Amino acid sequence: MNLITKRIKGTQDLLPDKSDKFEYVESVLKNQAKLYGFRLVRTPVIEHTVLFERSVGENSDVVSKEMYTFLDKSGRSVTLRPEGTAGTLRAILENGLHNNLPVKVMYITSCYRYEKPQNSRYREFFQFGVETFGSKSCLADSEIIFLVYSIFKKLKVQNLKLEINSLGCSECKKKFNNDMKKYLEKNFDNFCGICKERMYRNPMRVFDCKNENCKKNLKNAPIVLDYLCLRCKNHFDDLKKILDLEKVNYIVNPRIVRGLDYYTKTVFEFIDNKSEITVCGGGRYDNLSEEIGGPDLPSVGFGLGIERLLSLVKDYDLEIYPKVYISIIGEKARFKAVELAENFRNNNISTEIDILNNSLKSQVKYADKAKAKYCLFLGDRELENNFVKFRNMVSGEEKEIDMNNILNYVK
RNA sequence: GUGGAUAUAGCUCAGCUGGUUAGAGCGCCAGAUUGUGGCUCUGGAGGUCGUCGGUUCGAUUCCGAUUAUCUACCCCA
């Protein structure tokens, strides 16, 4: 085969084999979130570019080099969403939902980032996320962490670790960044080029560098947690207390800072022990609403990578098999078979029928592969005497059933 | 953007230091079994050997370029 074109780099075709699993996981995500009181929102894939510049942060890698941004026909700069939070918050504010607090919403959407694809990393990927708006309380933080936990439990995903940290409010962040900058400047020559740039734009992010040398030089660097004001410290301590009470295991890692600029106070990541890949990341973003022109609206949420989650889900249960297969023997039976099939389907019985004009043998073979429960045979003999031959595909048992009674039989 | 690997049938892959007609397994279709799946046997369909160029009497094989895929880094879900 020589197609004129293939799928776009970093995108995936979701074929029936995998889509069953996708549907299953999606239903678990939605059901668990509903248990916690989150309701679904859908926002457009496409937003004005400025929304992401302001929220995710112009200096972040996501905005500065990974966005699908283009001018539409009227010359407006628009962007395919690179994450779910900004659009969700925009929609909440624009539609005035923040007048009834708290607002708890979830979303499952595709996101787009123009980067080089690799393991568990795509240009089009699916994100599940929840956001709680209007609560300063660490109960809101713990609630979403419990939700993630319950999802993994339900899906039987194990070997994940939870790392948490607190970045503090804007005051704490500012003080820390100042000292961090001083520290980095003192050791300026010991850091790699990227870090050197970062120390001026967003010093905290130097912690994300994986360069061994840089890591070494960070050993005596200031620690965010030492800079928390009393309120932030209490918030973080309370969160830990609640997690302890519910026996949720976590590691405090003062080095996780996250790449999206909007995070404040609590941040957390669920990391797969084997691959070290972050499956779920989130935290608090109390200033984001004001950043995009909204009121003071404390918020907390997370994003969870569906593809990454799918690769961790081993077994799942989803009945998708047709119940009945109708095999057709000879020309005359075709119309009767169609009539029967439609009758079954109208009665909520999933039914398949030969549409390839295949031999009877391959028809039954197909029924077997499709895992149909029953196979019906319709040929001249049956038509003449007004019955249907009925075969139980599991036991192999066969019966002749009166045509007028067949519906009750397959039910 | 930087590094590594790969590209042969629908899928997974063989193909020796270059040599007639490019193979296997699985899958698909058919027959053995003239109206019946799972097991077995037999046959069949299906390939511009990623693309372009070079070396050669001759290239799937060697060389160059290009594209695509995978993978590591950066970053993130």
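Order of the sequence lines fixes the chain letters, A, B, ..., with proteins taken first and strands second; residue numbering starts at 1 for each chain. Keep in mind the model is a prediction, meaning the values are calculated, not measured.
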- request: Identify, residue by residue, the members of residues 121-132 of chain A with a heavy atom below 4.0 Å from RNA chain B, and return them in order of residue number, or none.
  value: Arg121(A), Tyr122(A), Phe125(A), Gln127(A)

message: Tell me whether the side-chain N or O atoms of Glu269(A) pair up with the base of A77(B) as donor and acceptor below 3.5 Å, since no angle test is needed here.
response: no

field: Lys65(A) or Glu83(A), whichever maps to the more 5' nucleotide of RNA chain B
entry: Lys65(A)

statement: Pairing string of RNA chain B (Watson-Crick or G-U wobble, both atom distances under 3.5 Å; | = paired to other strand) is (((((((..((((.....[...)))).(((((.......))))).....(((((..]....))))))))))))....

Please report, to 0.1 Å, the donor-acceptor pairs under 3.5 Å made by any side chain of residues 395-402 of chain A, with sequence neighbours excluded.
residue, atom, partner, partner atom, Å
Ser395(A), OG, Glu397(A), N, 3.2
Glu398(A), OE2, Arg391(A), NH1, 2.8
Lys399(A), NZ, Tyr409(A), OH, 2.7
Asp402(A), OD1, Asn404(A), N, 2.9
Asp402(A), OD1, Asn404(A), ND2, 3.3

Partners passing side-chain contact (heavy atoms from CB on, under 4.5 Å) against Arg123(A) (at least two apart in sequence or in another chain): Lys9(A), Tyr68(A), Tyr114(A), Pro117(A)

Just distance, no hydrogens or angles: give the donor-acceptor pairs under 3.5 Å from side chains in residues 288-301 of chain A, sequence neighbours left out.
residue, atom, partner, partner atom, Å
Ser289(A), OG, Pro295(A), O, 2.6
Ser299(A), OG, Leu297(A), O, 2.8

- prompt: What does Cys280(A) touch in the nucleic acid at a heavy-atom separation under 4.0 angstrom: a base, only the sugar-phosphate, or nothing?
  reply: sugar-phosphate

message: Tell me which residues in residues 387-408 of chain A lie within less than 4.0 Å of RNA chain B, going by non-hydrogen atoms.
response: Lys389(A), Arg391(A), Met393(A), Gly396(A), Glu398(A)

- line: With sequence neighbours left out, the residues meeting ring pair (Phe, Tyr, Trp, His ring centres under 6.0 Å) with Tyr227(A) are Phe176(A)

Test side chain to side chain donor-acceptor pair (under 3.5 Å) applied to Gln32(A) and Ser150(A), step by step: CA-CA 7 Å; Gln32(A) 289 309 112; Ser150(A) 77; 3.0 Å; yes

- request: With sequence neighbours left out, write down each residue that passes ring pair (Phe, Tyr, Trp, His ring centres under 6.0 Å) with Tyr325(A), or none if nothing qualifies.
  value: Tyr366(A)

List the atom pairs, donor and acceptor, that lie under 3.5 Å between side-chain atoms in residues 383-390 of chain A and the rest of the protein, sequence neighbours left out.
residue, atom, partner, partner atom, Å
Asn385(A), ND2, Arg381(A), O, 3.2

- prompt: Quick one: ring pair (Phe, Tyr, Trp, His ring centres under 6.0 Å) partners of Tyr262(A), sequence neighbours excluded?
  reply: Tyr285(A)

Listing, residues 304-311 of chain A side-chain donor-acceptor contacts under 3.5 Å, not counting sequence neighbours, or none:
residue, atom, partner, partner atom, Å
Glu307(A), OE1, Phe126(A), N, 3.1
Glu307(A), OE2, Phe126(A), N, 3.0
Arg308(A), NE, Ser120(A), O, 2.9
Arg308(A), NH1, Thr278(A), O, 2.8
Arg308(A), NH2, Ser120(A), O, 3.1
Ser311(A), OG, Arg308(A), O, 2.8

- request: Under 4.0 Å between any heavy atoms, over every strand shown, what does Ser362(A) touch: base, sugar-phosphate, or nothing? Just pick one.
  value: sugar-phosphate

field: Which residues share a ring pair (Phe, Tyr, Trp, His ring centres under 6.0 Å) with Phe335(A), sequence neighbours left out
entry: none

